[in-house]
Amino acid sequence: MNAQTSKSTGKLKYPETKKVETVDTYFGTKVNDPYRWLEDDRAAETEAWVKAENKVTYNYLEQIPFRNALKARMEKLWNYEKIGAPFKEGNYTYYYKNNGLQNQSVLYRKDAAGKEEIFLDPNTFSKDGTTSLGGLDFSKDGSKVAYAISEGGSDWRKVIIMDALTKKVIEDTLVDVKFSGVSWRGNEGFYYSSYDKPAGSELSAKTDQHKLYFHKLGTSQKEDKVIFGLDQKRRYVGGAVTEDDKYLVITASTSTSGNELYIKDLSNPNSPIVTIVDNFNSDNYIIENEGTKLFIVTNLNAPNRRIVTVDINNPKPENWKNFIAETENVLSPSTGSGYFFANYMKDAVSIVKQYDYSGKLVREVQLPGVGSAGGFGGKKDAKTLYYSFTNYITPGTTYAFDPNTGKSTVYQKPKVDFNSEDYVSKQVFYTSKDGTKIPMIITHKKGLKLDGKNPTILYGYGGFNVSLTPSFSIANAVWLENGGVYAVPNLRGGGEYGKKWHDAGTKLQKQNVFDDFIAAGEYLIAQKYTSKDFLAIRGGSNGGLLVGATMTQRPDLIKVALPAVGVMDMLRYHTFTSGAGWAYDYGTAEDNKEMFNYLKGYSPVHNVKAGVQYPATMVTTGDHDDRVVPAHSFKFAAELQEKQTGTNPVLIRIDINAGHGAGKSVAATIQENVDIQAFTLFNMGITKLPNLKK
């Protein structure tokens, strides 16, 4: 290649990664962790290692002949106006807009006369585009707004309070806010959540006692009162005020599954916090109230979720009555315009039903096609609701919906230089190792030759009750244009078929997820969509773990592995930031000997073996990722570089001043996708792209 290539073997020369003897003992078993030093994200030697690794990576990427052309095409395709659904606050209508290649979308507003102005432009928050808007909430009359910003992609936020009418900042900025919404009580102040700032690195130190605060306008943050969370440790606590401003609803949990539910009457300052659910055995939240009548979404005795009603004076589960009963499909409801909208997922595709407040079915909403619909939310007095519709070959289109007639009209259709008619996206069902049927959607150009030579990306997640539903992506459109196949299986561990499906991919059943993914690859090869020489696997976060486990268990199956921001050290993940909250899905090495052995058996960092030829690999992460700390990716890359046999490259691409993905600029997102596709195709032996449009 160039100076980075050893002439004798063709193998890349990687930076020397020192090894330091570090041993932990679990249930009598010693485990060596020689790259523990890379966990220190603030150390100068870690920073030097990052720079050296990035130098090797970018030297390699710069030699790929079609990389610049790929970038030019992706930028051209990305460069179209994107407008979000409007929402009304006070006398203004607000909406997000991006002119095409702006790093962050801009929040605009129009007054009653239709005069447009910029309200908030996150592109002005920082020179390099790494500071982003992390959510906002308006006071009840729309006169005030509190908005959160994220710097360098961090989960730690600052909250800025502004007079919405004059756009003047009116208070000191709140700092050290994390995993929090903002919810106003009238116009006097708002609720938010955070942890005490850790003594060590704020990017990696453990955070496990979340508290709910109330910030009263006109007072300093240090005077903010703790409303909930002092009595015992809970990792995630949230508070939200009902639309009628009558109640504060509090949810509290120790992991990413299961929560307690509480409510407080705000009309009486001395009212107690009332317990509705006092355990973590089910997921519950209040979606709506009509006076003292509460509407609760729950999976208690209903793995696919249902809506129940109960009076606030006797809110315990034994008094719950079905409002919308559980069905065979998973329910994700919303409210707006005085109606409930039951959005069901059938084999990962949307079906939407509209109900009135008596529980009577008004209609099934006629959607524009087969795909994912989201939205149908708004205030009770909204005359029009909005929803988006998309699938793998249909760019996300926003529709205006009249709740009285059920009629949908196109509100905003993006002008993308992509002809959906040239492509096909179809669902298949394949059989996993234990006989379970798994759905997968395969998307490609019409007329594709099933000759085993099509570059294919197999993308998966498989965890935390997350559902992968069809959606359009510019990056994937470029992949499809170039003759690529894009396949997404709905693995166990996800939420596509409710709680049972989720649980079947957790703890001592986590191997099911990897088996489902491996079986998807075998199906694509058996059906001649691709072959092991043209198959890449990709996933991020929990999906990065999926890729890491799959490539270490079946290195023979795939040509290219693309793990992003992955959870790679399964013995130590729970010791960083909020990692302990993932124990519902993973279990921890401290639980018992069986759980330790199980985790060690698939933990990617602990299963890289010398003398094995692993696929061409590009690990991607951000140096400021404080959710899945970059040490996971650093240690995995170091193990692979040390032990890789043969000439397949093992690179790590580390975004500087970037986190887990939130708020990443458009320019950085485009470049990352370009590099991933260029690396993938180049390692499949492709040196030019005949299908690349200029």
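FYI, side chains are in, hydrogens and waters are out, and symmetry mates aren't considered; it's all heavy atoms of this structure. In what follows, residues are counted from 1 in the order of the sequence shown.
Within 6.0 Å of the CD atom in Glu290, the count of heavy atoms belonging to other residues, nucleotides or ligands exceeds 12. Around the NZ atom of Lys316, the shell of radius 6.0 Å holds more than 12 heavy atoms that belong to other residues, nucleotides or ligands. Taking a 6.0 Å sphere around CD of Glu328, one finds it holds 12 or fewer heavy atoms contributed by other residues, nucleotides or ligands. Counted within 6.0 Å of NZ on Lys211, heavy atoms from surrounding residues, nucleotides or ligands total more than 12; the atom is thus considered enclosed.
A cation-pi arrangement, defined by a distance under 6.0 Å to the six-membered ring centre and an angle within 45 degrees of its axis, is absent between Arg306 and Phe323. Annotation: cation-pi pair Lys507/Tyr584 present, NZ/CZ under 6.0 Å from the ring centroid and within 45° of its normal.
Between Arg157 and Glu151 there is no salt bridge, since no side-chain nitrogen of the basic residue lies less than 4.0 Å from a carboxylate oxygen of the acidic one. Between Asp196 and Lys178 there is no salt bridge, since no side-chain nitrogen of the basic residue lies less than 4.0 Å from a carboxylate oxygen of the acidic one.
Residue Glu496 forms a side-chain contact (heavy atoms from CB on, under 4.5 Å) with just one option from Pro489, Pro439, Ser467, and that option is Ser467. Residue Glu89 is tested with Lys140, Lys144, Lys379 for a salt bridge (charged side-chain N to carboxylate O under 4.0 Å, His left out); the sole match is Lys379.
Taking the six-membered ring where the residue is Trp, the centroids of Phe138 and Phe190 are separated by 6.0 Å or more. For Phe376 and Phe401, the ring centers are positioned less than 6.0 Å apart. Outside the 6.0 Å centre-distance limit, the rings of Phe87 and Tyr95 are not counted as a close aromatic pair.
Inter-residue side-chain proximity for Ile250 and Leu261 is flagged as unmet; no heavy-atom pair is nearer than 4.5 Å. In this structure, the side chains of Val565 and Thr620 stay at 4.5 Å or more apart for every pair of heavy atoms. Contact annotation: the side chain of Tyr213 never approaches that of Leu174 to less than 4.5 Å [non-hydrogen atoms, C-beta and beyond]. At least one side-chain heavy atom of Glu364 sits less than 4.5 Å from a side-chain heavy atom of Lys353. Side-chain contact between Asp585 and His502 is present, with at least one heavy-atom pair separated by less than 4.5 Å. Taking 4.5 Å as the limit, every side-chain heavy atom of Phe576 sits out of range of all side-chain heavy atoms of Asp41.
Atoms CG and OH, on Asn542 and Tyr586 in that order, are 3.5 Å from each other to the nearest 0.5 Å. One finds the CG atom of Leu385 at 8.5 Å from the CD atom of Gln354 (value rounded to the nearest 0.5 Å).
When only modelled atom types and interatomic distance are considered, Asn289 and Asp244 share a side-chain donor-acceptor pair under 3.5 Å. A donor-acceptor pair shorter than 3.5 Å can be found between the side chains of Asn187 and Ser139.
Listed for the Thr550 side chain is no donor-acceptor partner under 3.5 Å among the backbone atoms of Val547. In terms of modelled atom types and a separation under 3.5 Å, the side chain of Ser541 and the main chain of Gly543 share no donor-acceptor contact.
Using the six-membered ring where Trp is involved, Tyr357 and Phe295 have ring planes that are perpendicular, over 60° apart on the 30 and 60° scheme. Aromatic ring pairs are classed by plane angle as parallel below 30°, tilted from 30° to 60° and perpendicular above 60°; the pair Trp582 and Tyr573 is parallel. Ring planes of Tyr236 and Phe179: tilted class, angle from 30 to 60°.
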Glu223 vs Lys216, test: salt bridge (charged side-chain N to carboxylate O under 4.0 Å, His left out). Steps then yes/no. CA-CA 9 Å; Glu223 295 174 63; Lys216 185 173 171 54; over 6 Å; no
Set out, in order, the CA-CA distance, both residues' side-chain angles and the distance that settles side chain to side chain donor-acceptor pair (under 3.5 Å) for Asp311 and Asn319, then state yes or no. CA-CA 8 Å; Asp311 191 273; Asn319 300 315; over 6 Å; no
Start with the C-alpha distance between Arg492 and Asp434, add both sets of side-chain angles, then the distance that settles salt bridge (charged side-chain N to carboxylate O under 4.0 Å, His left out), and finish with yes or no. CA-CA 12 Å; Arg492 280 175 284 186; Asp434 65 357; 2.8 Å; yes
